[in-house]
Amino acid sequence: MAEQKKQDVNQLLKVRRDKLADLQANGRDPFQITKFDQTHHSLEVKNLYEAHEAELLKDRKELDVTGLDEEQAKEAQKKDYEERRSIMDASPIHVSIAGRMMFKRVMGKASFCNIQDLQGNIQVYVARDAIGTDSYADFKKSDIGDIFGLEGFAFRTRTGEISIHAEKMTLLSKSLQILPEKFHGLTDTDTRYRQRYVDLIMNQDSKNVFIKRSQILKEIRNFLAGRDFMEVETPMLVSNAGGAAARPFETHYNALNEDVKLRISLELYLKRLIVGGLERVYEIGRVFRNEGVDTRHNPEFTLMELYQAYTDYEGMMELTESMFRYLAEKVCGSTKISYNGIEIDLGKPFARLTMNDAIKKYAGIDFDEVADDEAAKKLADEHHIEYEDRHKKGDIINLFFEEYCEKELIQPTFIMDHPIEISPLTKKKPSDPNKVERFELFINTWEMCNAYSELNDPIDQRERFKAQEELFAAGDEEVSEGLLLSAPETSAVAGLAASSVAAGSGWLSFVTIGLTSSGTLDTSDTSETSGTSGTFTSAFSSASTGVSGTVEAVVGVAGWLTRSSDLLAVEVATISAITPTTTTAAPMTVGIGNMPNSLVGCFWLFAAEPETFFLSGLMFHLFGEPQFLQTASFSYIS
């Protein structure tokens, strides 16, 4: 049976190729056509005709067949149609459309077909007397899936359907493949995802999703432009993929012989732009996460992130709510939308609940009254909520929320004031240091966005990184993959030079570095190391030349020695000013590519048993008062 079906399909494909060969042999090769002048789309034709009809027939009364028998009514309707048609044909609307033929019905000297284009589909009346004998013969041999360009005028059939009376038919592309059977369409999910182009042909709903997605992106840009946001583009290939808890893809720069990662978020570079003075920035871009795949999760996807200076999470909630409402009105035409039979109202003020209040509402537990971690774990045991030994009260709160609350959040709802344990880079609430100024928007049980007041207290941030280090040492993979890798960049926003601590082979303590007004570096011989990797000597010697100028400031560097592949690297924990030696430090103006306030470090060579290491590519950026350093590259190469 299967073999017979395969043979039948092969025969049909051969017939299509034979038809193409015949066209080419007769000088009518459709693939030689390079252009077709398209003036309208199907929906535009229908709207244009309706408006034209309303204008021309505005003084004509509707037909009244009251009191007429069936035959008389039919005759009256026929006469009324012909009179209306005569008026419309006297002032025709000429159009030129192009699209794929999805249906054809041949009836002797006249036929009907259905042409599908970007906006929908429209019926076409094809008559031999109108397009010519040869063209009509070619049309009769055409197949479903062929692409036509046609010229003609719009009219309304006796059944009331707006159609096009073809005056010229041009075959623009011959379809050599067979489309799925039209009454059932393309229903196989795997095929729909693997052959999306076929899905778009057969399923108008799928096409509408793509069209609306494009409209949403357009209107997001319009909305943010109206609020003075600047769209930017940031690097996709990064040395440290931070800003989220996800496993990155890795690749290799051949020219630099350097391993890099594909970004997992847009966060870090956008924050740097805020630091640089661009007060409102956003990016819509692809990010890549080397994790699971299903119909709702793709390893590469589009993410939109925005950052705004001088506001808090209340301001971001107002922006988010206004943007969602604006998008619904612009793209859907209404603030009330329907999804799978559920009406969602984006016009009403969005509900606001703290995470604890949501749990109290849907689970009947008030975590504001729960004393400590042990009490929270006891509640989790009683409610059969699984947790890990390392989890604290804040983690338990989040697990309860996911179990009891998310499924209840159908209408737009802001969930606010998350526990500090699950939000390590968010500002604490002044009124409750155990919670942070963060919110998530839920619609139809889905998290639509996540936002917070950025932490910019370097002392508070340092304390949180210490806590994250403890989690990392305890085996929390999400911390090691996400937060710690992003820490140096994130802390730049907070005003701290760098503050990431990762587990490693030893601790490098305070290499002091002097900054001179000429833009060079001077190092002092005060470094020391200790730890499981053995003792390193402090035999630093400057390999640079031309060190000049007065030392303006002295800083200290501390960090962990870590091994990555065959390299030993320093992951910086702190860079702090020890003392400015003068009160009138000159600004540094030399650097790579004439970049203001940047400089490249000198090279040092030092020996340590059993290996010798070479320190290279130490680059800093000056900022703050007193001046701090942000490391861009700091590594020991074996």
Side-chain angles (χ1 to χ4, degrees), residues 213-214 216-244 246 261-289 300-327 330 423-427 436-441 448-458 461 482-483 485-498 593 595-598 621-624 630 632:
R213 181 185 185 278
S214 178
I216 288 171
L217 293 177
K218 172 188 173 183
E219 295 302 339
I220 286 175
R221 290 184 167 97
N222 289 339
F223 175 84
L224 293 177
R227 296 211 174 191
D228 297 325
F229 277 83
M230 178 187 301
E231 184 174 12
V232 298
E233 291 183 325
T234 61
M236 287 190 179
L237 297 175
V238 295
S239 56
N240 280 334
K261 299 177 178 66
L262 275 68
R263 66 186 180 187
I264 59 174
S265 79
L266 310 175
E267 177 177 340
L268 305 180
Y269 285 98
L270 293 176
K271 287 182 175 179
R272 290 172 177 173
L273 294 175
I274 292 290
V275 171
L278 303 182
E279 296 179 359
R280 301 185 181 200
V281 296
Y282 77 97
E283 181 174 6
I284 300 173
R286 303 294 278 183
V287 297
F288 310 87
R289 299 182 180 181
E300 59 169 301
F301 60 96
T302 301
L303 184 64
M304 191 279 280
E305 289 194 28
L306 63 86
Y307 289 82
Q308 177 178 340
Y310 314 123
T311 191
D312 61 3
Y313 77 144
E314 293 283 352
M316 297 307 284
M317 277 191 276
E318 183 281 322
L319 182 147
T320 302
E321 183 170 344
S322 297
M323 181 166 65
F324 271 75
R325 188 169 294 126
Y326 171 89
L327 293 175
K330 289 292 184 179
S423 313
L425 297 179
T426 310
K427 270 193 175 183
V436 296
E437 293 191 347
R438 174 185 172 189
F439 74 81
E440 295 170 293
L441 173 62
M448 306 301 292
C449 63
N450 176 40
Y452 44 84
S453 301
E454 293 283 352
L455 177 63
N456 63 348
D457 180 345
Q461 189 180 65
L483 177 63
L485 289 178
S486 69
E489 296 85 348
T490 305
S491 57
V493 176
L496 187 65
M595 189 190 312
N597 297 330
S598 300
H621 175 71
L622 292 173
F623 64 98
Q630 179 185 343

For this session: Mind checking the CD-CE spacing from Glu300 to Met236? Nearest 0.5 Å is all I need.
Result: 9.0 Å
For this session: Test Thr311 against Leu319 for side chain to side chain contact (heavy atoms under 4.5 Å, CB included), laying out the working first.
Result: CA-CA 11 Å; Thr311 191; Leu319 182 147; over 6 Å; no
Exercise. Who pairs with Ser322 by side-chain contact (heavy atoms from CB on, under 4.5 Å), at least two apart in sequence or on another chain?
Worked result: Phe223, Arg227, Glu318
Exercise. Hey, does Leu268 have a side-chain heavy atom less than 4.5 Å from the side chain of Val238?
Worked result: no
Problem set entry | Check: Arg286 main-chain N/O paired with Arg263 side-chain donor or acceptor under 3.5 Å | yes
Problem set entry | Minimum heavy-atom distance between Lys261 and Ser239, given as atom pair plus value | NZ-O, 3.6 Å
Exercise. Rounded to the nearest 0.5 Å, how far does CD1 of Ile220 lie from OH of Tyr326?
Worked result: 10.5 Å
Problem set entry | pair Leu237-Leu262: side-chain heavy atoms closer than 4.5 Å | yes
Seminar exercise, completed: CD of Gln308 to CG of Asp228, rounded to nearest 0.5 Å, is 9.5 Å
Problem set entry | salt bridge (Lys or Arg N to Asp or Glu O under 4.0 Å): pairs with one or both residues in residues 216-225, sequence neighbours excluded | Arg221-Glu231
Exercise. With sequence neighbours left out, what residues match Leu303 under side-chain contact (heavy atoms from CB on, under 4.5 Å)?
Worked result: Leu266, Val287, Phe301, Glu305
Seminar exercise, completed: Minimal heavy-atom distance between Phe439 and Asn450, with the atoms involved, is O-OD1, 3.4 Å
Exercise. At what distance, to the nearest 0.5 angstrom, does CE of Met316 lie from SG of Cys449?
Worked result: 9.0 Å
Seminar exercise, completed: Tightest non-hydrogen contact, residues Ile216 and Leu327, listed as O-CD2, 3.8 Å
Exercise. Between Thr426 and Glu437, what is the shortest heavy-atom contact and its length?
Worked result: CG2-O, 3.3 Å
Problem set entry | Rounded distance [0.5 Å steps], CE in Met304 versus CG in Leu224 | 5.5 Å
Problem set entry | Minimal non-hydrogen separation, Gly242 against Ser265, with atom names | O-OG, 3.0 Å
Seminar exercise, completed: Scanning both residues in full, the closest heavy-atom pair of Arg438 with Tyr313 reads N-CD1, 3.4 Å
Exercise. Can you name the side-chain hydrogen bond (donor to acceptor under 3.5 Å, both in side chains) partners of Arg213, sequence neighbours left out?
Worked result: Thr302
For this session: Evaluate the side-chain proximity of Asn456 to Lys427: yes if any heavy-atom separation is below 4.5 Å, no if none is.
Result: yes
Exercise. Restricting to pairs with a member in residues 307-317, which pass salt bridge (Lys or Arg N to Asp or Glu O under 4.0 Å), not counting sequence neighbours?
Worked result: Glu314-Arg352
For this session: Applying ring-ring contact (aromatic ring centres under 6.0 Å, His included), name anything that partners Tyr307, two or more places apart in sequence or on another chain.
Result: none
Problem set entry | Met230, CE atom: more than 12 neighbouring heavy atoms under 6.0 Å | no
Problem set entry | pair Leu306-Phe229: side-chain heavy atoms closer than 4.5 Å | yes
